[in-house]
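The structure appears below as structure tokens.
Fair warning: this is a prediction, and the values are worked out from it, not measured in the lab.
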Amino acid sequence: WRKACSIAADALARGEQNVDALGVFGMCAALRNDQAAATLAMQRLREIEVPPYYALMTEGILQLRSGAAEKANATFASVLKSRPADPLALYFGGEAQHQLKRDAQAIASFKSVLKRWPDHAPALASAARLLAAPKAPPQELKEAVAMTERATAIEPMNLDYWKQMAELYERAGQHDRAAAVKLQWLSPPTIK
């Protein structure tokens with residue numbers, strides 16, 4: 001996301017007239033919870049997008065960030081009506097389902113994302129986090145470990161994925177691996 005956000009911001013800063021760049025910029029602003037930038041992007045998108053996609057995605061992400069999960073869920077569902085199986089709408093819809101405490105539906109949404117976009121690290125990590133619920137059976141915990149390992153391989157600089165990995169290794173009884181992850185990824189070196 002960081003790279004896509006940077007590319008979109010650079011394109012807009014150069015004055016490019018690019019709906020995709022504006023749309024990605026709007027979504028990125030919403031993810032950062034930058035209300036002003038996201039709202040401005042949504043206004044411009046509503047003027048030029050037919051049918052609306054990025055404006056709705058940006059609106060849904062803002063709703064999600066503000067805790068209006070029911071509204072966000074409805075917004076992402078409307079995106080899916082015009083773009084069935086859109087991986088981003090499915091992913092954020094899964095996050096809305098999770099906020100609504102509908103974890104089985106959220107996991108199904110994240111797994112649907114992975115059918116279309118197998119290397120979507122956020123969907124991998126989110127599905128794994130929910131599969132590894134406190135009373136998860138060993139098979140689901142094993143699946144969660146494998147998904148988190150893939151997410152960390154795809155985005156190795158995301159420390160949240162490594163924290164999740166260490167926790168899952170601990171829960172799976174792989175204490176040496178958990179300790180190695182903590183040492184290598186979660187303990188900053190001391191500067192002398």
Discussion item. I need the minimum non-hydrogen distance between Ala69 and Gln99, along with the two atoms involved.
Written reply: CB-OE1, 3.3 Å
Worksheet item: Quick one: do Glu59 and Arg46 make a salt bridge, cutoff under 4.0 Å?
Response: yes
Discussion item. Donor-acceptor pair, distance only, cut-off 3.5 Å: does the side chain of Gln164 make one with the backbone of Ala125?
Written reply: yes
Discussion item. Any non-hydrogen side-chain atom of Arg65 less than 4.5 Å from a side-chain atom of Ile61?
Written reply: yes
Item to complete: Give a yes or no on whether a salt bridge exists between Glu49 and Arg44, defined as a side-chain N under 4.0 angstrom from a carboxylate O.
Response: no
Response to the item:
CZ (Arg177) and CG (Leu168) are apart, to the nearest 0.5 Å, by 12.0 Å
Item to complete: Apply salt bridge (Lys or Arg N to Asp or Glu O under 4.0 Å) to Lys182 and Glu167, showing your working.
Response: CA-CA 10 Å; Lys182 289 175 187 174; Glu167 178 188 315; over 6 Å; no
Worksheet item: Does Glu95 come within less than 4.0 Å of Arg129, counting only side-chain N to carboxylate O?
Response: yes
Practice prompt. Compare all side-chain heavy atoms of Met42 with those of Leu56 and state whether any distance is below 4.5 angstrom.
Written response: no
Worksheet item: Side chains of Tyr54 and Asp20: closer than 4.5 Å at any heavy-atom pair?
Response: yes
Item to complete: Begin from the C-alpha positions of Phe92 and Thr75 and carry the test side chain to side chain contact (heavy atoms under 4.5 Å, CB included) through to its verdict.
Response: CA-CA 10 Å; Phe92 288 112; Thr75 301; over 6 Å; no
Practice prompt. Give a yes or no answer on whether the side chain of Thr39 reaches the backbone of Gln35 with a donor-acceptor pair at less than 3.5 Å.
Written response: yes
Practice prompt. With rounding to the nearest 0.5 Å, note down the distance linking CG in Asp34 to CG in Leu40.
Written response: 10.0 Å
Worksheet item: Linking I/L/V/M/F/W/Y whenever any side-chain heavy atoms sit under 4.5 Å apart, do Met157 and Ile154 land together?
Response: no
Discussion item. With rounding to the nearest 0.5 angstrom, report the CG to OG distance, Asp103 to Ser109.
Written reply: 11.0 Å
Practice prompt. Apply side-chain hydrogen bond (donor to acceptor under 3.5 Å, both in side chains) to the pair Glu149 and Tyr169, showing each step before the final yes or no.
Written response: CA-CA 10 Å; Glu149 286 173 337; Tyr169 280 152; 2.6 Å; yes
Item to complete: Please examine the side chains of Leu124 and Leu114, heavy atoms only from C-beta on, and report whether any two atoms are closer than 4.5 Å.
Response: yes
Discussion item. Run the side chain to side chain contact (heavy atoms under 4.5 Å, CB included) test on Leu90 and Trp117 for me, step by step, so that the C-alpha distance in whole Å, both residues' side-chain angles and the decisive distance to 0.1 Å come before the verdict.
Written reply: CA-CA 11 Å; Leu90 285 167; Trp117 191 350; over 6 Å; no
Discussion item. Which heavy atom of Ala29 sits nearest to which heavy atom of Ala38, and what is that distance?
Written reply: CB-N, 3.6 Å
Response to the item:
Taken to the nearest 0.5 Å, the spacing of Lys71 NZ from Gln63 CD works out to 6.5 Å
Practice prompt. Check the pair Ser126, Tyr91 against side chain to side chain contact (heavy atoms under 4.5 Å, CB included), reporting the backbone distance first and the verdict last.
Written response: CA-CA 9 Å; Ser126 293; Tyr91 171 73; 3.6 Å; yes
Worksheet, complete the sentence: When rounded to the nearest 0.5 Å, the distance separating CG of Leu45 from CG of Leu22 is 4.0 Å
Worksheet item: Got a second to check how far Lys111's NZ is from Leu130's CG, nearest 0.5 Å?
Response: 10.5 Å
Discussion item. Evaluate Leu88 against Phe76 for side chain to side chain contact (heavy atoms under 4.5 Å, CB included), listing each step before the verdict.
Written reply: CA-CA 9 Å; Leu88 291 176; Phe76 297 126; over 6 Å; no
Worksheet item: Can Arg150 and Glu155 be counted as an ion pair, charged N to O under 4.0 angstrom?
Response: no
Discussion item. I want to check something: taking the side chain as every heavy atom from C-beta on, are Trp185 and Pro156 in contact at a cut-off of under 4.5 Å?
Written reply: yes
Worksheet entry | Side-chain touch Glu16/Asp10, heavy atoms, less than 4.5 angstrom | no
Worksheet item: Hey, mind stepping through Gln174 and Asp176 against side-chain hydrogen bond (donor to acceptor under 3.5 Å, both in side chains) and telling me if it holds?
Response: CA-CA 6 Å; Gln174 299 178 33; Asp176 288 345; over 6 Å; no
Worksheet item: Yes or no on side-chain hydrogen bond (donor to acceptor under 3.5 Å, both in side chains) for Asn73 and Gln97, after CA distance, side-chain angles and deciding distance?
Response: CA-CA 7 Å; Asn73 191 47; Gln97 292 292 333; 2.9 Å; yes
Practice prompt. Using the disulfide bond (SG atoms under 2.5 Å apart) rule, collect all pairs that involve residues 12-128, keeping only residues at least two apart or in two chains.
Written response: Cys5-Cys28
